[in-house]
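Worksheet: one structure, shown below.
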Amino acid sequence: MSEPTASKAAASRGARVRAEDIYRWGPVWSRRVGWFLDHVYWNTTVLGGEHVPRTGPVIIASNHTGVIDGPLLHGAIPRSSHFIIKQEFFDSKLGFLMTGAGQIPVDRGNGRAALVVAQKLLAEGRAVGIFPEGNRGRGTVKETRAGTAWLAVQSGAPVVPVACLGTRPTGTKLGHVPAPRSKLHVVFGEPIHVSTERGSGGNRALIANAMTALQDGLAAHVEHAVRLTGVELPHDGPDGQAAPLS
């Protein structure tokens, strides 16, 4: 067997992840941990859970303001889910928990491998979570990357928009962790279905159209959730300046 090339040897975990690397049983226990955090450690109100299909492939797409959005949403989704998460979390001291939880590492400079893994999980009828903005910011979802649109077009799965609110109040740092019993909200919206039929513009136009539809739908849902709950988005910090495909 030949030695691996330097480029392959140097490839990050997120850039070389495969579907067989993801523990399908991971969300069975990690979702329970998320539920405990949501309803025992914090005081989380979950609205619109009926919009999440209980079976079949589905993409859960959320705004992103705080560092706890991932575990908060993982515990609020009414079924097991696998989230695309930046590989830096997997490289931390808690990385083994991310691996055991069945989550998907993504190299934000080369996110294709993570998207391919997510596509395969959707083909198995699973739920995949993604933060289309990429980085934490104001959470308006008025600017996104193409990863979610690509995944929706390739899989044909519906996209359920979500708003996580209260996880980072105005004036707090991007790494802010809410205090115990903080009042948080997770609001699910009606699924968004994008076209998967390629017209004269080909795949590029199809993904561009899907990206516009999803961005508009997600932004509108976040605005609706803010009005519904009365919880404002943080007024400071970057506004949707996302890293690729996360």
Side-chain angles (χ1 to χ4, degrees), residues 4 7-38 52-62 64 67-135 145-160 162 164 186 188 191 242-246:
S7 61
K8 288 183 178 179
S12 68
R13 179 174 182 174
R16 66 175 188 269
V17 64
R18 305 168 301 166
E20 53 265 40
D21 298 330
I22 307 301
Y23 296 133
R24 292 349 186 234
W25 46 261
V28 174
W29 69 266
S30 57
R31 180 186 166 212
R32 294 175 181 174
V33 174
W35 186 95
F36 178 88
L37 291 172
D38 286 356
V52 180
R54 295 306 192 266
T55 60
V58 62
I59 300 168
I60 308 294
S62 176
H64 200 14
V67 69
I68 68 150
D69 291 340
L72 178 79
L73 186 51
H74 190 52
I77 298 172
R79 58 183 288 189
S80 295
S81 60
H82 302 267
F83 269 76
I84 298 176
I85 299 174
K86 64 180 182 180
Q87 67 180 17
E88 286 82 353
F89 280 117
F90 289 80
D91 295 335
S92 70
K93 294 180 179 180
L94 297 178
F96 72 98
L97 290 176
M98 293 293 177
T99 300
Q103 306 307 292
I104 308 167
V106 61
D107 182 329
R108 290 181 294 172
N110 180 12
R112 181 171 179 80
L115 289 175
V116 170
V117 169
Q119 181 186 9
K120 291 181 179 179
L121 292 174
L122 289 168
E124 297 174 7
R126 299 179 184 275
V128 169
I130 188 168
F131 294 101
E133 295 166 292
N135 283 343
R145 297 291 176 167
T148 308
W150 182 92
L151 196 56
V153 168
Q154 297 299 321
S155 67
V159 179
V160 173
V162 190
C164 292
V186 176
F188 296 94
L245 304 176
S246 175

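- For residues 113-125, the salt bridge (Lys or Arg N to Asp or Glu O under 4.0 Å) pairs, not counting sequence neighbours, are R24-E124, E124-R126.
- Using a distance-only test at 3.5 Å, with no hydrogens or angles considered, a donor-acceptor pair links the side chain of Q103 to the main chain of F83.
- Sorted by first then second residue, the salt bridge (Lys or Arg N to Asp or Glu O under 4.0 Å) pairs that include residues 91-106, not counting sequence neighbours, number zero.
- Between atom CD1 of residue I84 and atom CD1 of residue I59 there is a gap of 8.5 Å, rounded to the nearest 0.5 Å.
- Applying the ring-ring contact (aromatic ring centres under 6.0 Å, His included) rule to W29 yields no partners; only residues at least two apart in sequence or on another chain are considered.
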Please tabulate, one pair per line, all N/O donor-acceptor pairs under 3.5 Å involving side-chain atoms of residues 149-157, not counting sequence neighbours.
| from | atom 1 | to | atom 2 | distance (Å) |
| --- | --- | --- | --- | --- |
| S155 | OG | L151 | O | 2.7 |
| S155 | OG | A157 | N | 3.1 |

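- Here R79 contributes atom CZ and R54 contributes atom CZ; the two are 9.0 Å apart, rounded to the nearest 0.5 Å.
- The two residues A15 and A113 have their closest heavy-atom pair at O-CB, 3.2 Å.
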V186/L73 under side-chain contact (heavy atoms from CB on, under 4.5 Å): CA gap, chis, key distance, verdict: CA-CA 7 Å; V186 176; L73 186 51; 3.8 Å; yes
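- Scanning both residues, V106 and G111, for their nearest heavy atoms gives CG2-CA, 3.8 Å.
- Counting all heavy atoms, side chain and backbone alike, A76 lies closest to D38 at N-OD2, 3.2 Å.
- For H74, the side-chain hydrogen bond (donor to acceptor under 3.5 Å, both in side chains) partners are S30, S81, not counting sequence neighbours.
- Taking both residues in full, the closest heavy atoms of P27 and G102 are given as CD-CA, 4.4 Å, listed atom of the first, atom of the second, then distance.
- S12 OG to E88 CD: the interatomic distance, rounded to the nearest 0.5 Å, is 9.0 Å.
- Under the rule for a side chain to side chain contact (heavy atoms under 4.5 Å, CB included), the partners of V67 that lie at least two apart in sequence or sit in another chain are F89, R136, V177.
- Contacts of R18 classified as side-chain hydrogen bond (donor to acceptor under 3.5 Å, both in side chains), with partners at least two apart in sequence or in another chain: E20, D21.
- A search for side chain to side chain contact (heavy atoms under 4.5 Å, CB included) contacts involving F36 returns V40, not counting sequence neighbours.
- T99 is linked by a side chain to side chain contact (heavy atoms under 4.5 Å, CB included) to R13, Y23, F90, counting only residues two or more places apart in sequence or in another chain.
- If you take CG on N110 and CG on L115, they are separated by 10.0 Å, rounding to the nearest 0.5 Å.
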From CA spacing to verdict: side-chain contact (heavy atoms from CB on, under 4.5 Å), L94, M98: CA-CA 7 Å; L94 297 178; M98 293 293 177; 5.8 Å; no
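- Applying the ring-ring contact (aromatic ring centres under 6.0 Å, His included) criterion to H64, with sequence neighbours excluded, gives F131.
- Closest of all the heavy-atom pairs between P191 and P158 is CB-CB, 4.0 Å.
- Screening L122, I130, I104 for a side-chain contact (heavy atoms from CB on, under 4.5 Å) with H82, the sole residue that qualifies is I104.
- Contact check for I68 versus C164: no side-chain heavy atoms found under the 4.5 Å cut-off.
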